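See below for the structure under consideration.
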Amino acid sequence: MNYWLLKTEPDEYSLEHLRSEPSGQARWDGIRNYQARNLLRDAVAAGDQVLIYHSQCRQVGVVGQAEVVRGGYPDPAQFDPDSHYYDAKASADAPRWYCIDIRFVAALPRTVTLAEIKREPQLDDMVLRRQGRLSVQPVTRAQWQHILSMAKRGQ
DNA sequence: GCCAACGTTGGC
DNA sequence: GCCAACGTTGGC
């Protein structure tokens with residue numbers, strides 16, 4: 001079982017959107033970056049635990065937890081000419097982009113902000129610190145636990 | 001395969 | 001809105 005951090009812009013799709021899905025889950029699609037794609041396709045699996053991170057907003061940081069319910073499968077949006085995520089170079093035989101399904105688990109008691117994460121020596125090695133733009137990132141168990149404890153402790 | 005030009009992301 | 005960092009494209 002692995003841990004991941006998924007980024008989203010809350011104006012587009014927030015933790016609250018996920019929480020209010022009637023099915024309790026959602027397809028995490030539209031990822032169009034090869035490094036992130038490779039992780040979705042090859043590494044993310046059902047049962048993995050996810051931190052949801054809000055970017056491009058007033059309070060940037062980790063806001064909640066989710067769980068992977070279905071590992072990587074071809075993102076249907078790449079085949080849909082009406083979709084913003086359509087990719088003419090993708091085909092059913094040779095899909096380019098992958099997505100996963102996740103379900104809401106919990107909102108953190110408070111947002112653990114990027115500013116705090118940067119100040120935390122135990123989190124020096126987080127991918128977030130070095131590769132800020134990657135939208136699917138691996139997280140270690142220790143980092144996972146540390147972030148959850150920061151959220152509980154209030155700080 | 002290199003590299004310049006360009007596009008996108010994302011913090012501030 | 002600005003700008004730095006990074007990713008992608010395409011000519012050669």
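Here is the naming used below: chain letters follow the sequence lines, and residue numbers restart at 1 for every chain. Keep in mind that what you see is a predicted model, and the values were worked out from it rather than measured.
Applying the ring-ring contact (aromatic ring centres under 6.0 Å, His included) rule to pairs touching residues 104-147 of chain A yields A:Tyr3-A:Trp144, sequence neighbours excluded.
Contact check for A:Ile102 versus A:Ile52: side-chain heavy atoms found under the 4.5 Å cut-off. A heavy-atom distance below 4.5 Å is not found between the side chains of A:Ile147 and A:Val139.
Taking atom CG of A:Leu114 as the reference point, atom P of B:dT9 lies 18 Å away to the nearest angstrom. Note: CD (A:Glu116) to P (B:dC12) measures 12 Å, nearest angstrom. Here the P atom of nucleotide B:dG10 and the CD atom of A:Glu12 are 12 Å apart, to the nearest Å. Whole-Å rounding puts the A:Tyr85 OH to B:dT8 P distance at 13 Å.
Taking the side chain to side chain donor-acceptor pair (under 3.5 Å) definition, one finds that A:Gln122 meets it with nothing, sequence neighbours left out.
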Restricting to nitrogen or oxygen on both sides, can you table the protein-nucleotides 4-7 of chain C pairs closer than 3.5 Å?
residue : atom : partner  : partner atom : Å
C:dA5   : N3   : A:Arg133 : NH1          : 2.8
C:dC6   : O4'  : A:Arg133 : NH1          : 3.3
C:dC6   : N1   : A:Arg133 : NH1          : 3.3
C:dC6   : O2   : A:Arg133 : NH1          : 2.3
C:dC6   : O2   : A:Arg133 : NH2          : 3.3

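Between A:Lys89 and C:dT8, a side-chain N or O to OP1/OP2 separation shorter than 4.0 Å is absent.
Contact check on A:Glu16 versus A:Arg19 returns a salt bridge, with a Lys/Arg side-chain nitrogen under 4.0 Å from an Asp/Glu carboxylate oxygen.
Under the 3.5 Å distance criterion, the side-chain polar atoms of A:Thr111 are left unmatched by any main-chain donor or acceptor of A:Gly61.
Listed by residue number, the members of residues 48-59 of chain A with any heavy atom below 4.0 angstrom from DNA chain B are A:Tyr53, A:Ser55, A:Gln56.
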Donor-acceptor list for residues 63-73 of chain A side chains, cut-off 3.5 Å, not counting sequence neighbours:
residue : atom : partner  : partner atom : Å
A:Glu67 : OE1  : A:Arg103 : NH2          : 2.9
A:Tyr73 : OH   : A:Arg27  : NE           : 2.8
A:Tyr73 : OH   : A:Asp101 : OD1          : 2.6

Do any side-chain atoms of residues 29-49 of chain A form donor-acceptor pairs under 3.5 angstrom with protein atoms, and if so which ones, sequence neighbours left out?
residue : atom : partner  : partner atom : Å
A:Arg32 : NE   : A:Tyr85  : O            : 3.4
A:Arg32 : NH1  : A:Asp75  : OD2          : 3.1
A:Arg32 : NH2  : A:Asp75  : OD2          : 3.3
A:Arg32 : NH2  : A:Tyr85  : O            : 3.0
A:Asn33 : OD1  : A:Gln35  : N            : 3.1
A:Asn33 : OD1  : A:Ala36  : N            : 2.9
A:Tyr34 : OH   : A:Arg96  : NH1          : 3.4
A:Gln35 : OE1  : A:Gln131 : NE2          : 3.0
A:Arg37 : NH1  : A:Arg96  : O            : 2.7
A:Asn38 : OD1  : A:Arg41  : NH2          : 3.4
A:Asn38 : ND2  : A:Tyr34  : O            : 3.4
A:Asp48 : OD1  : A:Asn2   : N            : 2.9
A:Asp48 : OD2  : A:Trp4   : NE1          : 2.8
A:Asp48 : OD2  : A:Ala45  : N            : 3.0
A:Gln49 : NE2  : A:Gly47  : O            : 3.0

